[in-house]
Amino acid sequence: MSIPKNPDIRVRFAPSPTGYLHVGGLRTALFNYLFARKNNGSFILRIEDTDRKRYIPGAQEDLLKTIKEVGLDYDEGPIIGGDYGPYIQSERSDLYRKYAQELIDKGAAYYCFCPEERLEKLRNEAKENNTAVMYDGKCRNLSLEEVQEKLARNIPHVVRLKIPQEGSTVFYDVVRERVEVDNALVDDQVIMKSDGFPTYHLANVVDDHLMKISHVIRGEEWLISVPKHIFMYESLGWKVPKFVHLPLLLNPDKTKLSKRQGDVAVEDYLAKGYLPEALINFIALLGWHSSDDREFYTLEELIKAFSLKRISKSGAVFDVEKLNWMNGSYLRNLDLEYVAERAKPYFEKAGLDILDHKKYLKVVDNARNRSATIPEMIAHSEMFYNDLAFSAEYKDIVSKENAQKLFEFWIEHLSSHESWSEDEIKDMVKETTVVIGVKGKELYSPLRLALFGEVHGPDIPTLIDILGTKEAIARLKSVLNA
RNA sequence: GGCCCCAUCGUCUAACGGCUAGGACUCAGGAUUUUCAUUCCUGCAAUAGGGGUUCGAUUCCCCUUGGGGUCACCA
């Protein structure tokens with residue numbers, strides 16, 4: 001029933017479960033997803049939890065939940081499994097140990113027994129000299145005997161990459177094109193920690209190879225570590241995947257998007273009432289753009305239009321203003337029932353009795369025209385459910401003689417039948433002008449105040465339509481002789 | 001600071017080496033509306049600077065400047 005996947009296109013999103021899904025992470029996930037779907041490839045989810053110090057219980061579950069909520073379904077990964085599992089790195093320790101040993105055997109890596117204090121000293125010296133912090137290679141050429149002896153004595157150790165000291169590494173990134181790094185400037189990166197867990201670099205390369213990843217699509221912060229990865233691929237005799245380094249998402253001050261300068265957690269945006277559709281659409285346009293002026297895309301349309309070739313090189317500021325605009329637009333254009341369904345929890349939390357579904361839909365339809373996010377809709381809706389409270393100024397307007405006469409007139413007329421069309425209400429307005437002799441602001445202000453509690457707001461036919469004739473009359477009566 | 005990456009309106013961005021540098025957000029003004037909101041229209045606003053190459057550079061090359069990333073037994 002389903003078409004077989006193209007084995008040449010396999011990409012992964014590999015988050016670290018350290019708390020929440022970062023919007024930058026969502027963008028990375030999205031681009032991976034789009035590329036996979038566009039090419040009938042596989043989108044794999046892998047959990048990179050090799051840092052036990054940063055382990056946060058429940059973070060992994062939250063991550064999966066959020067990814068599901070925004071509609072990015074994966075083909076292989078935790079829970080659903082796949083042919084290349086397990087998809088959680090902490091369950092793959094044997095693999096990393098095996099390949100670390102292989103790198104050592106091949107002379108591409110070595111045991112390092114330097115204590116933390118020594119490295120600390122090295123770091124401080126480098127800082128003082130204003131140079132890059134690099135391991136000085138003390139353990140690089142330990143003899144086999146020395147290594148055996150230290151291992152036998154259980155001296156804590158790590159495994160480091162034995163990066164060549166001459167030459168340079170050249171690679172081609174799909175976005176950056178040619179990048180060249182001098183090998184002498186590449187550090188002897190730790191690949192196995194003293195706790196027996198691998199670092200990102202080893203785990204990532206091993207898994208990407210074993211999981212047959214074809215394109216490594218990730219944030220630009222990884223660009224500089226590519227030479228280390230290439231060194232491992234080549235030392236192990238493995239095929240190097242294609243690299244695609246995405247431009248960073250930025251704070252308004254152009255630094256890498258971070259907490260402190262606003263929300264960065266996808267779940268925060270979701271909780272604040274942004275629609276997944278809008279969030280996805282907005283984020284897709286950060287660092288990617290089609291050749292035309294189009295800005296609105298469903299996920300399906302994004303898949304169709306997506307291309308790695310059109311990813312931009314420079315970082316993109318995450319502009320909440322534009323997100324607000326886009327979310328508001330989605331709010332207004334998505335199916336009303338759908339928006340109403342999404343808004344439900346917010347209305348319920350605000351204590352509004354929305355059991356009358358027909359009325360609720362009308363309320364939502366009115367509010368969505370005036371809001372950028374769902375929570376904002378509450379402020380435009382409360383008055384349709386709660387008793388109205390008037391300020392002294394408003395009381396004044398309502399109690400004016402003409403206003404009172406106007407109310408009496410409307411109560412009487414509205415009582416004549418159950419439902420009123422827009423035109424009929426408009427006719428009544430005209431009639432009011434003739435009979436009572438009020439018009440314009442003098443007519444609409446008290447009327448809207450009585451029905452809605454505010455001077456500004458929806459037009460009168462809409463108000464009466466939402467409220468229903470009965471409630472409209474009740475409200476008019478309550479301001480009579482008030 | 002070393003290394004790497006980047007550079008079009010304030011922001012997101014478009015422009016086979018060839019129109020008056022286009023669109024969107026924001027902001028300002030206007031139209032529609034009894035008001036508010038929506039919607040529509042108009043406007044403000046950019047090729048960082050300097051050298052080349054070329055008949056012609058936003059576009060290609062170099063330098064400068066600016067910004068960012070990275071420099072962990074974190075990812």
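Residue numbering restarts at 1 for every chain, and letters A, B, ... go by the order of the sequence lines.
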Visitor: With a centroid cutoff of 5.5 Å and a plane-angle limit of 30°, would you call A:Tyr444 stacked on B:U34?
Guide: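 Yes, A:Tyr444 stacks on the base of B:U34, since the ring centres sit under 5.5 Å apart and the planes are within 30°.
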Visitor: With a 4.0 Å limit, can you tell me whether A:Arg176 has a side-chain N or O closer than that to the phosphate oxygens OP1/OP2 of B:G69?
Guide: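 No, A:Arg176 has no side-chain N/O under 4.0 Å of OP1/OP2 on B:G69.
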Visitor: Which of these nucleotides, B:U13, B:C36, B:C3, is closest to any side-chain atom of A:Arg370?
Guide: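 Among the listed nucleotides, the one closest to the side chain of A:Arg370 is B:C36.
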Visitor: What integer distance in Å separates A:Leu285:CG from B:A14:C1'?
Guide: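 Answer to the nearest Å: 12 Å.
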Visitor: Which listed nucleotide (B:U13, B:C73, B:C4) is nearest to the side chain of A:Leu223?
Guide: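 Output: B:C4.
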Visitor: Return yes if a side-chain donor-acceptor contact under 3.5 Å exists between A:Arg218 and A:His245, otherwise no.
Guide: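 There is such a pair (donor and acceptor under 3.5 Å, judged by atom type) between the side chains of A:Arg218 and A:His245.
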Visitor: Nearest to the side chain of A:Val181 - B:C4, B:C74, B:C25?
Guide: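 Of all the options, the side chain of A:Val181 is nearest to B:C4.
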Visitor: Just call it for A:Lys127: base, sugar-phosphate, or nothing, with non-hydrogen atoms closer than 4.0 Å on any strand.
Guide: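 The residue A:Lys127 makes no contact with any strand.
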Visitor: Just checking A:Gly287: base, sugar-phosphate only, or nothing, at a heavy-atom cut-off of under 4.0 Å?
Guide: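 The answer is sugar-phosphate, as A:Gly287 gets under 4.0 Å only of primed atoms, P, OP1 or OP2.
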Visitor: Check the orientation of A:Phe296 and A:Tyr330. Use parallel for under 30°, tilted for 30 to 60°, and perpendicular for over 60°.
Guide: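 Taking A:Tyr330 first and then A:Phe296, their aromatic rings sit tilted (interplane angle of 30° to 60°).
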Visitor: How far, in whole Å, is B:A15 from B:G2 if one measures between their P atoms?
Guide: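 Looking at atom P only, B:G2 and B:A15 are 35 Å apart.
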Visitor: Find the distance A:Asn324:CG to B:C12:P and express it as a whole number of Å.
Guide: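 Going from CG in A:Asn324 over to P in B:C12 covers 16 Å.
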Visitor: Looking across every strand, which nucleic acid part, if any, lies under 4.0 Å from A:Lys256 by heavy atom: base, sugar-phosphate, or nothing?
Guide: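 Counting heavy atoms under 4.0 Å across all strands, the contact made by A:Lys256 is with sugar-phosphate only.
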Visitor: Please tell me whether A:Trp222 and A:Tyr200 form a close aromatic pair, meaning their ring centres lie under 6.0 Å apart.
Guide: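 Yes, ring centres under 6.0 Å apart.
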Visitor: Any side-chain donor paired with an acceptor under 3.5 Å for A:Gln165 and A:Asn183?
Guide: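 There is no such pair between these side chains.
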Visitor: Is any side-chain N or O of A:Lys254 closer than 4.0 Å to OP1 or OP2 of B:C6?
Guide: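 Negative; the distance criterion is not met.
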Visitor: Below 4.0 angstrom from OP1 or OP2 of B:C73, is there any side-chain N or O of A:Arg160?
Guide: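 So the side-chain polar atoms of A:Arg160 do come within 4.0 Å of the phosphate oxygens OP1 or OP2 of B:C73, strictly under.
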Visitor: Report the relative orientation of the aromatic rings in A:His157 and A:Phe113; use parallel for angles under 30°, tilted for 30 to 60°, perpendicular for over 60°.
Guide: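 Geometry flag for A:Phe113 against A:His157: tilted rings.
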Visitor: Identify whether any heavy atom of A:Asn129 sits under 4.0 Å from a base atom; if not, whether one sits that close to sugar-phosphate; answer base, sugar-phosphate or nothing.
Guide: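 No contact.
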Visitor: Checking all strands, does A:Thr199 fall into the base, sugar-phosphate, or nothing category for heavy-atom contacts under 4.0 angstrom?
Guide: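 Sugar-phosphate, backbone atoms only, no base.
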Visitor: Mind checking if A:Arg448 touches a base, just sugar-phosphate, or nothing, with heavy atoms under 4.0 Å?
Guide: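 Result for A:Arg448 = base.
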Visitor: Looking across every strand, which nucleic acid part, if any, lies under 4.0 Å from A:Arg52 by heavy atom: base, sugar-phosphate, or nothing?
Guide: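 No contact.
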Visitor: For A:Leu119 and B:A72, what is the distance between atoms CG and P respectively, to the nearest whole Å?
Guide: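 Between P of B:A72 and CG of A:Leu119: 10 Å.
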Visitor: Using a 4.0 Å heavy-atom cut-off across all strands, classify A:Val190 as base, sugar-phosphate, or nothing.
Guide: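 If one applies the 4.0 Å heavy-atom cut-off, A:Val190 turns out to touch the sugar-phosphate alone, with no base involved.
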Visitor: Starting at atom NZ of A:Lys362, determine the distance to atom P of B:A37, rounded to an integer number of angstrom.
Guide: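 The distance from NZ of A:Lys362 to P of B:A37 comes to 24 Å, rounded to the nearest Å.
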Visitor: Side chain of A:Arg310: nearest nucleotide among B:C12, B:A14, B:U38?
Guide: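 The answer is B:A14.
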Visitor: Can you figure out which of B:U26, B:G68, B:C73 approaches the side chain of A:Lys193 most closely?
Guide: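 Per side-chain heavy atoms of A:Lys193, the pick is B:C73.
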Visitor: Give a yes/no on whether any side-chain N or O of A:Thr50 is located under 4.0 angstrom from OP1 or OP2 of B:A75.
Guide: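 A:Thr50 to B:A75 OP1/OP2: side-chain N or O found under 4.0 Å.
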Visitor: From the options B:C73, B:A75, B:C71, select the nucleotide whose nearest atom is closest to the side chain of A:Asp51.
Guide: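 It is B:A75.
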Visitor: Around A:Glu401, counting heavy atoms of other residues, nucleotides and ligands shown, do more than 12 lie under 6.0 Å from its CD?
Guide: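 Result for CD/A:Glu401: open.
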Visitor: Under 4.0 Å, heavy atoms only, any strand: does A:Gly440 hit a base, just the sugar-phosphate, or nothing?
Guide: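 Nothing: the residue A:Gly440, judged by heavy atoms under 4.0 Å, touches no strand.
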Visitor: Within the structure shown, what part of the strands sits under 4.0 Å from A:Ser194 by heavy-atom distance: base, sugar-phosphate, or nothing?
Guide: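 Answer is base: heavy atoms of A:Ser194 come under 4.0 Å of a base.
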Visitor: Name the pairing partner of B:U53, where a pair is Watson-Crick or G-U wobble with both distances under 3.5 Å, or state none.
Guide: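 With both distances under 3.5 Å required, B:U53 matches none.
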Visitor: Specify the closest pair of heavy atoms between A:Val186 and A:Lys228, including all atoms of both residues, with the distance to one decimal.
Guide: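 Nearest heavy atoms, A:Val186 then A:Lys228: CG1-CG, 3.6 Å.
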Visitor: Would you say A:Arg218 places a side-chain N or O within less than 4.0 Å of OP1 or OP2 belonging to B:G69?
Guide: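 It does not, given that no N or O in the side chain of A:Arg218 lies less than 4.0 Å from OP1 or OP2 of B:G69.
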Visitor: From CG of A:Leu249 over to C1' of B:G69, roughly how many Å is that when rounded to an integer?
Guide: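 The distance from CG of A:Leu249 to C1' of B:G69 comes to 14 Å, rounded to the nearest Å.
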Visitor: Using heavy atoms to find the nearest nucleotide of RNA chain B for A:Arg332 and A:Ser290 separately, return the residue whose nucleotide is more 5′.
Guide: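 The residue whose closest nucleotide sits nearer the 5' end is A:Ser290.
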Visitor: Name the closest nucleotide to the A:Asp293 side chain, picking from B:C12, B:G22, B:A72.
Guide: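 That would be B:G22.
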Visitor: Quick one: look up who B:C71 pairs with, Watson-Crick or G-U, both distances under 3.5 Å, and put none if it's unpaired.
Guide: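 By the stated definition (distances under 3.5 Å), B:G1 pairs with B:C71.
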Visitor: Choose from B:C3, B:U34, B:G68 the nucleotide whose nearest atom is closest to any side-chain atom of A:Glu220.
Guide: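 For A:Glu220, the side-chain atoms sit closest to B:G68.
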Visitor: Return the nucleotide paired to B:A21: Watson-Crick means purine N1 to pyrimidine N3 with N6-O4 or O6-N4, wobble means G-U with N1-O2 and O6-N3, both under 3.5 Å.
Guide: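 The answer is none; no pair meets the criterion.
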Visitor: Would you say a side-chain N or O of A:Lys53 is under 4.0 Å from OP1 or OP2 of B:C74?
Guide: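 A:Lys53 to B:C74 OP1/OP2: side-chain N or O found under 4.0 Å.
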Visitor: May I ask you to say what A:Glu116 touches in the nucleic acid, namely base, sugar-phosphate or nothing, with a heavy-atom cut-off under 4.0 Å?
Guide: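 Base contact.
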Visitor: Using atom CD1 of A:Ile47 as one end and atom C1' of B:A75 as the other, report the distance to the nearest whole Å.
Guide: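 Those two atoms, CD1 and C1', are 13 Å apart.
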Visitor: Any strand counts, and the cut-off is 3.5 Å on both contacts for Watson-Crick or G-U wobble. Which nucleotide pairs with B:U33?
Guide: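 Base partner found: none.
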Visitor: Taking A:Phe43 as the fixed residue, which of A:Tyr33, A:Tyr74, A:Phe31 is the one that meets the ring pair (Phe, Tyr, Trp, His ring centres under 6.0 Å) rule?
Guide: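 Of the listed residues A:Tyr33, A:Tyr74, A:Phe31, the ring pair (Phe, Tyr, Trp, His ring centres under 6.0 Å) partner of A:Phe43 is A:Tyr33.
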Visitor: Between B:U38, B:C4, B:C6, which one does the side chain of A:Lys313 approach most closely?
Guide: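 Closest of the options to the side chain of A:Lys313: B:C6.
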Visitor: Where each residue is assigned the nucleotide of RNA chain B containing its nearest heavy atom, which of A:Pro252 and A:Ser329 is assigned the position nearer the 5′ end?
Guide: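 Counting from the 5' end, the first nearest nucleotide belongs to A:Pro252.
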Visitor: Which part of the nucleic acid, if any, lies within reach of A:Leu443 when heavy atoms closer than 4.0 Å are counted: base, sugar-phosphate only, or nothing?
Guide: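 Answer is nothing: A:Leu443 stays at 4.0 Å or more from every strand.
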Visitor: Tell me whether the side-chain N/O atoms of A:Ser312 come closer than 4.0 Å to OP1 or OP2 in B:U13.
Guide: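 Yes, such a contact exists.
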Visitor: In whole angstrom, what separates A:Lys322's NZ from B:C27's P?
Guide: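 Checked: the NZ to P distance equals 14 Å.
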Visitor: Under 3.5 Å for both donor-acceptor distances, Watson-Crick or wobble: does B:U65 have a partner, and if so which one?
Guide: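 Paired with B:A7.
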Visitor: At under 4.0 Å between heavy atoms, what does A:Pro458 touch on the DNA or RNA strands: base, sugar-phosphate, or nothing?
Guide: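 The residue A:Pro458 makes base contact.
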Visitor: So, A:Asn327 side chain and A:Leu323 main chain: donor-acceptor pair closer than 3.5 Å or not?
Guide: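 Answer holds: no.
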Visitor: State whether a side-chain donor-acceptor pair under 3.5 Å links A:Asp268 with A:Tyr20.
Guide: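 The criterion, which ignores hydrogens and geometry beyond distance, is not satisfied for A:Tyr20 and A:Asp268.
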Visitor: Distance check needed: B:U70 C1' versus A:Asp182 CG, whole Å only.
Guide: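 Atom CG in A:Asp182 sits about 16 Å away from atom C1' in B:U70.
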Visitor: Would you classify A:Val158 as touching base, sugar-phosphate or nothing, given that sugar-phosphate means primed atoms plus P, OP1 and OP2, and contacts are heavy atoms under 4.0 Å?
Guide: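 Touches a base.
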